[in-house]
A.B. asks: 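Got a structure for you, questions after.
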Amino acid sequence: MISLYDTVTAEVRPLALREPGKVSLYACGPTVYDHPHLGHARSALTYDLLRRYLEWRGLDVRHVANITDIDDNIINRARDEDRTEGEVAVEWEAVYVDAMARLDVLDPHDRPRATEWVTEMVDFVGRIMDAGAAYTTPTGVYLRVRDVDGYGDLVHRDLDDLRASAGARVEVDEAKEDPLDFALWKAAKPDEPSWPSPWGPGRPGWHIECVAMSLGILGDGFDIHGGGNDLVFPHHTNERAEALAVGRPFARHWVHNAMLNIEGTKMSKSLGNYRTVVEMLDEHPLNGRAFRLLVLQTHYRKTMEVNPELMASARAAIQRLDALARRASAAGIAVQTGAAAADPRADGGAVEAFRAAMDDDLGTPQALAVVFDTLHRANTALDRGSTDAQALAATVFELAGALGVAVDAGGRGADEDGAIEDLVARRQAARDARDWGTADALRDELSALGVVVEDTPAGPVWHRK
RNA sequence: GCGCCGGUGCCCGAGCGGACCAAGGGAACGGCCUGCAAAGCCGUAAAGCCGCGGGUUCAAAUCCCGCCCGGCGCUCCA
């Protein structure tokens, strides 16, 4: 049985699916107007992991991740660069999608764009108006928060409490009936993109796109809604209120991942202390996998720290995985990662421990401990020439694959590989002739090319540093 | 101010009432293996006891109370 922490009930509880065997997952995607940073990557990785694990457990998952391609930030950026909002959004969406691919984040089944759902949003706002839970002002259409029962359930605060701190950071709009009321539809301002509506031209308000798209694609009472915990209020709280205002059951389960800190404080656009995903990825070929490992090493609900030292240690761990893959394949054991179906050769005890850890609110740190523990056992078995080696190594690859961590048995195929193979062969010939001087010189040559040679009982194997 | 989440070894990070397991990763040190390496294996480094002070209990890193410190949220930030 799979359990997950639910923000509404504030406890880890069994995942109660709308339909047995099927999971509908809506994860909040980015607003595309700039480079995605490491925090976006953590978030995407969290839901990619959830999706992969549910699938590994045999569930049929429908994963939706939106792209918000119209909002203040995009408008501002377009204005600054003297081009259209659409151009800005298209550019940054492409950067985002590409960066996620490099992180081995699986493409969601649907990646809806807000601007393609405006009709549905207008329709939704209309229904909220019909229900009497919204009103218009000169600046737009507002949801009357006190008409929504349990408005603050996600943040665990009641209306008075929320009101007391409303305006703590931003001044309130006098035209609203209540400071907590929020915009469903924003009346058009000059020079801003707008769409027609019964309340005049304007654009979508508080993430009404997420409601329209999640309910539109996944249907009422879909299973899981996820996002960064900075979205709990007001973003998700308002989204939820929009659905509740018209009596439509919303997400059954709310999952929120914690933030990512750099030097102890939240990495964010506004603080300017962020590092972009592309930058991190370009720094080292192993970084994509290393960052995923780093994310997995911290539980998703705990703030994680990132710095160069931690990236280096994660890379070292990835290299241990790859080293096992090289040893295994040199020993004639097939390396298959990311196998969807359980590998029949896998070690039962380890798989069971892994599953128990993951079933309990995605216990990736412990799950990873199982993987590395098994890796150690596999190496020992390999040293002893034990027949257990095959099962243990297969288990490591299978479980790493379930977490989306790719394992690389070595570099073959590229153009210059022929030359490398040649050097490796010449070195081996020199070794056979006990000409250590020549052998070492050749090894230095390879090293200069960024290639490491390892001598195994089955002959030399090499890989890139 | 209000709400939420944390404070565990050199670093990261599990554990959330009971077994000598305070996991796992990284770093360090010694040894084995190796022509030498790399990879791997074996072992070690006193975690003076898990932020501080009380309490509950036969038993607490794990529960309760207070305090200190850090992080996040309180209108458009994953």
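To find a chain, count down the sequence lines: A is the first, B the second, and so on, and within it residues start at 1. All values derive from a computational prediction rather than experimental measurement.
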A.B. asks: Does a side-chain N-to-carboxylate-O contact under 4.0 Å join A/Arg77 and A/Asp80?
C.D. replies: no

A.B. asks: Checking all strands, does A/Arg157 fall into the base, sugar-phosphate, or nothing category for heavy-atom contacts under 4.0 angstrom?
C.D. replies: base

A.B. asks: With rounding to the closest Å, how many angstrom separate the C1' atoms on B/C21 and B/G15?
C.D. replies: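 Pairwise C1' distance, B/C21 against B/G15, rounds to 10 Å.
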
A.B. asks: Let's see if you get this right: which residues in residues 428-446 of chain A place a heavy atom under 4.0 Å from RNA chain B?
C.D. replies: A/Arg431, A/Trp436, A/Asp440, A/Arg443

A.B. asks: Quick one: label A/Ala183 by what it contacts on the DNA or RNA (base, sugar-phosphate, nothing), any heavy atom closer than 4.0 Å.
C.D. replies: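 No contact.
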
A.B. asks: Contact class for A/Val452 (heavy atom, under 4.0 Å): base, sugar-phosphate, or nothing?
C.D. replies: sugar-phosphate

A.B. asks: Could you please spell out the steps behind the side-chain hydrogen bond (donor to acceptor under 3.5 Å, both in side chains) verdict for A/Asp69 and A/Tyr33?
C.D. replies: CA-CA 8 Å; A/Asp69 58 354; A/Tyr33 66 98; over 6 Å; no

A.B. asks: Is the phosphate of B/A14 approached by A/Lys302 (side-chain N or O, under 4.0 Å from OP1 or OP2)?
C.D. replies: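 Affirmative; the distance criterion is met.
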
A.B. asks: For B/C69 versus B/C52, give the span between their P atoms, rounded off to a whole number of Å.
C.D. replies: 15 Å

A.B. asks: Using OP1 and OP2 only, check whether a side-chain N or O of A/His376 sits under 4.0 Å from B/C41.
C.D. replies: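 True: A/His376 side-chain N/O within range (under 4.0 Å) of B/C41 OP1/OP2.
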
A.B. asks: Considering only the C1' atoms, how many Å lie between B/C49 and B/U62, rounded to the nearest integer?
C.D. replies: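 These two C1' atoms come out 14 Å apart once rounded.
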
A.B. asks: Under 4.0 Å between a side-chain nitrogen and a carboxylate oxygen: does that hold for A/Arg326 and A/Asp322?
C.D. replies: no

A.B. asks: If we take the C1' atom in both B/A19 and B/A60, what is their distance in whole Å?
C.D. replies: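 Comparing C1' positions in B/A19 and B/A60 gives a spacing of 15 Å.
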
A.B. asks: In terms of ring plane angle, is the pair A/Trp206 and A/His235 parallel, tilted or perpendicular, where the classes change at 30° and 60°?
C.D. replies: perpendicular

A.B. asks: Between A/Gln366 and B/G24, does any side-chain N or O lie under 4.0 Å from OP1 or OP2?
C.D. replies: no

A.B. asks: Categorize A/Asp230 for me: base, sugar-phosphate, or nothing, with a 4.0 angstrom heavy-atom threshold over every strand shown.
C.D. replies: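 The residue A/Asp230 makes base contact.
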
A.B. asks: Just checking A/Glu454: base, sugar-phosphate only, or nothing, at a heavy-atom cut-off of under 4.0 Å?
C.D. replies: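 Contact class for A/Glu454: base.
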
A.B. asks: Within the 4.0 Å heavy-atom criterion, would you say A/Asp71 contacts the bases, only the backbone, or no part of the nucleic acid?
C.D. replies: sugar-phosphate

A.B. asks: OP1, OP2 of B/G25 versus side-chain N and O of A/Arg320: anything below 4.0 Å?
C.D. replies: yes

A.B. asks: Pick base, sugar-phosphate or nothing for A/Asn73, based on heavy-atom distances below 4.0 Å to the nucleic acid.
C.D. replies: sugar-phosphate

A.B. asks: Is A/Asp72 salt-bridged to A/Arg79, cutoff N-O under 4.0 Å?
C.D. replies: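 No, A/Asp72 and A/Arg79 are not salt-bridged.
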
A.B. asks: Between B/G3 atom C1' and A/Leu162 atom CG, what is the distance in whole Å?
C.D. replies: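 Taking atom C1' of B/G3 as the reference, CG of A/Leu162 is at 9 Å.
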
A.B. asks: Rounding to an integer number of angstrom, what distance separates B/A22 and B/A45 when you compare their P atoms?
C.D. replies: 14 Å

A.B. asks: Rounding to an integer number of angstrom, what distance separates B/G17 and B/C76 when you compare their P atoms?
C.D. replies: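 After rounding to an integer number of Å, I get 40 Å for this pair.
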
A.B. asks: Determine the interatomic distance between P on B/G66 and the same-named atom on B/A28; round to the nearest Å.
C.D. replies: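 45 Å, rounded to whole Å.
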
A.B. asks: Determine: side-chain N/O of A/His156 to OP1/OP2 of B/C5, distance under 4.0 Å, yes or no.
C.D. replies: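 For B/C5, neither OP1 nor OP2 has a side-chain N or O of A/His156 closer than 4.0 Å.
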
A.B. asks: What residues form a side-chain hydrogen bond (donor to acceptor under 3.5 Å, both in side chains) with A/Asn261, not counting sequence neighbours?
C.D. replies: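 Applying side-chain hydrogen bond (donor to acceptor under 3.5 Å, both in side chains) to A/Asn261 gives none.
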
A.B. asks: At under 4.0 Å between heavy atoms, what does A/His299 touch on the DNA or RNA strands: base, sugar-phosphate, or nothing?
C.D. replies: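 Sugar-phosphate contact only.
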
A.B. asks: Requiring both pairing distances under 3.5 angstrom, list the stems that contain RNA chain B and are made of three or more consecutive Watson-Crick or G-U pairs.
C.D. replies: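 For RNA chain B the paired stretches long enough to count as stems (3 pairs minimum) are B:1-7 with B:68-74, B:10-12 with B:24-26, B:28-32 with B:40-44, B:51-55 with B:63-67.
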
A.B. asks: A/Gly227 near the nucleic acid: base, sugar-phosphate alone, or nothing, with a heavy-atom cut-off under 4.0 Å?
C.D. replies: sugar-phosphate

A.B. asks: Answer with base, sugar-phosphate or nothing: what part of the nucleic acid does A/Leu382 contact at a heavy-atom distance below 4.0 Å?
C.D. replies: nothing

A.B. asks: Taking the C1' atom of each, how far is B/C33 from B/G40, in whole Å?
C.D. replies: 8 Å

A.B. asks: Mind checking if A/Leu293 touches a base, just sugar-phosphate, or nothing, with heavy atoms under 4.0 Å?
C.D. replies: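 Nothing, no heavy atom under 4.0 Å.
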
A.B. asks: Nearest to the side chain of A/Ala316, heavy atoms from C-beta on, is which of B/U75, B/G26, B/C41?
C.D. replies: B/G26

A.B. asks: How would you label the contact of A/Val370 with the nucleic acid (heavy atoms, under 4.0 Å): base, sugar-phosphate, or nothing?
C.D. replies: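 Result for A/Val370 = nothing.
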
A.B. asks: For A/Arg377, report the nucleic acid contact type (base, sugar-phosphate, nothing); a contact means any heavy atom under 4.0 Å.
C.D. replies: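 Contact class for A/Arg377: none.
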
